[in-house]
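Just below is one structure, and these are the notes that go with it.
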Amino acid sequence: MSAIKNVAIIMDGNGRWAREKNRPRVWGHIRGSNRVTEVVQEAIRLNLDSLTLYAFSTENWTRPTDEITNLFKILKKFLIKESATIIKNNIRFEVIGNYKVLDSTIVEIIESLEKKTKLNTGMNLSLAINYGGKAEIVDAVNKFIKANPNREITESDITENLYSETVSNIDLLIRTAGDTRVSNFLLWQISYAEFFFTGTKWPDFSKDEFRSIIQKVSTRERRFGGLKTAKSIPTETNLLS
């Protein structure tokens, strides 16, 4: 059984994929939304506990206005289309980030789906929308201080005040399209995550590659700062004798 249970993905490369095919960027985003459906289904088959997808960052607002408008049209269509499937598969759905600044219709769809799936016991599916890792940590600290003005903060206090209890410590962070950075995504939760960077752009990212990556990463030795092969390490006494 794989030790990889909590996976996060930075879905990158939609625009570049479209440009390579002499298509408008929106075409890449549409194709990318179809990949989300496929990967979510594969995550269920892999028996993951959680899947967190970086859909729209706080920095993405600097993109052209027409592209942002199209992105949220695609998001709205995706949520409407996939709601029944999410419920049918016993998925617990949520959005992390300040999504309330979006169009009221999208906010209503998000909150309705969150409410309908709140008691589901299957995989946790989280979409990060208008999300930034630094902002999440700052908000967690401020939330704690407001509730506990005279108490020193601890790591567990920060963890308990993050946007979501279901987005736990991430086992594996995947980024598509070749860039090798985390781009302000889940900074607190990926402190001991394994990283995997693939050159495949998101619209071409298949369920087979997803499964293959998890299988490969599952073979890595994860020590979390400790030693799992301590018997092969010379002791201090032996070194000094």
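Hydrogens, waters and symmetry mates are skipped; everything else that's a heavy atom, side chains included, is used.
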Short question: side chain of [X], backbone of [Y] - any donor-acceptor pair under 3.5 Å?
{"X": "Arg16", "Y": "Ala177", "value": "yes"}
{"X": "Asn184", "Y": "Lys134", "value": "yes"}
{"X": "Thr198", "Y": "Thr176", "value": "no"}
{"X": "Asp171", "Y": "Asn6", "value": "yes"}
{"X": "Ser183", "Y": "Phe185", "value": "no"}
{"X": "Asn142", "Y": "Asp139", "value": "no"}
{"X": "Lys201", "Y": "Gly178", "value": "no"}
{"X": "Asn98", "Y": "Asn130", "value": "no"}
{"X": "Asp103", "Y": "Thr105", "value": "yes"}
{"X": "Tyr131", "Y": "Ala55", "value": "no"}

Between [X] and [Y], is there a shared hydrophobic cluster once you connect ILVMFWY residues whose side-chain heavy atoms come closer than 4.5 Å?
{"X": "Ile174", "Y": "Val167", "answer": "no"}
{"X": "Leu162", "Y": "Leu186", "answer": "yes"}
{"X": "Ile9", "Y": "Tyr192", "answer": "no"}

Can you tell me how far apart [atom1] ([X]) and [atom2] ([Y]) are? Round to the nearest 0.5 Å.
{"X": "Ile109", "Y": "Lys77", "atom1": "CD1", "atom2": "NZ", "result": "13.0 Å"}
{"X": "Ile153", "Y": "Glu155", "atom1": "CD1", "atom2": "CD", "result": "10.5 Å"}
{"X": "Leu173", "Y": "Phe197", "atom1": "CG", "atom2": "CZ", "result": "6.5 Å"}
{"X": "Glu160", "Y": "Lys143", "atom1": "CD", "atom2": "NZ", "result": "10.0 Å"}
{"X": "Asn150", "Y": "Ile145", "atom1": "CG", "atom2": "CD1", "result": "11.0 Å"}
{"X": "Asp66", "Y": "Arg25", "atom1": "CG", "atom2": "CZ", "result": "10.0 Å"}

Is the shortest heavy-atom distance from the side chain of [X] to the side chain of [Y] under 4.5 Å?
{"X": "Gln189", "Y": "Glu136", "answer": "yes"}
{"X": "Ile10", "Y": "Arg181", "answer": "no"}
{"X": "Lys73", "Y": "Asn70", "answer": "yes"}
{"X": "Asp204", "Y": "Trp17", "answer": "yes"}
{"X": "Leu113", "Y": "Ile86", "answer": "yes"}
{"X": "Arg211", "Y": "Leu46", "answer": "yes"}
{"X": "Leu51", "Y": "Val39", "answer": "yes"}
{"X": "Ile4", "Y": "Gln215", "answer": "no"}

inquiry  = Salt bridge check, Asp157 against Arg151: does any charged N sit closer than 4.0 Å to a carboxylate O?
reply    =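 Yes, Arg151 and Asp157 are salt-bridged.
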
| Should Thr121 and Asn90 be marked as a side-chain hydrogen bond (donor to acceptor under 3.5 Å, both in side chains) after you check the CA-CA gap, both sets of side-chain angles, and the distance that decides it? | CA-CA 6 Å; Thr121 57; Asn90 195 31; 2.9 Å; yes

Looking at every heavy atom in both Ala18 and Gly28, which two are closest together, and how far apart are they?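 Here Ala18 and Gly28 meet closest at CB-N, 3.7 Å.
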
- Looking only at non-hydrogen atoms, find the nearest pair between Met11 and Tyr54 and report the distance.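 In terms of heavy atoms, the two residues are closest at CE-O, 3.3 Å.
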
**Message:** Please check if the number of heavy atoms outside Glu111 that lie under 6.0 Å from its CD is greater than 12.
**Reply:**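 Atom CD in Glu111 is crowded, with more than 12 foreign heavy atoms closer than 6.0 Å.
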
Handout entry: Test side chain to side chain contact (heavy atoms under 4.5 Å, CB included) applied to Val95 and Leu79, Ile129, Val107, the passing residue
Key =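 Checked Leu79, Ile129, Val107 against Val95; only one passes side chain to side chain contact (heavy atoms under 4.5 Å, CB included): Ile129.
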
Exercise. Which is it for Phe72 and Phe56 under the ring-ring contact (aromatic ring centres under 6.0 Å, His included) test, yes or no, and what are the steps along the way?
Worked result: CA-CA 9 Å; Phe72 288 123; Phe56 191 88; 4.9 Å; yes

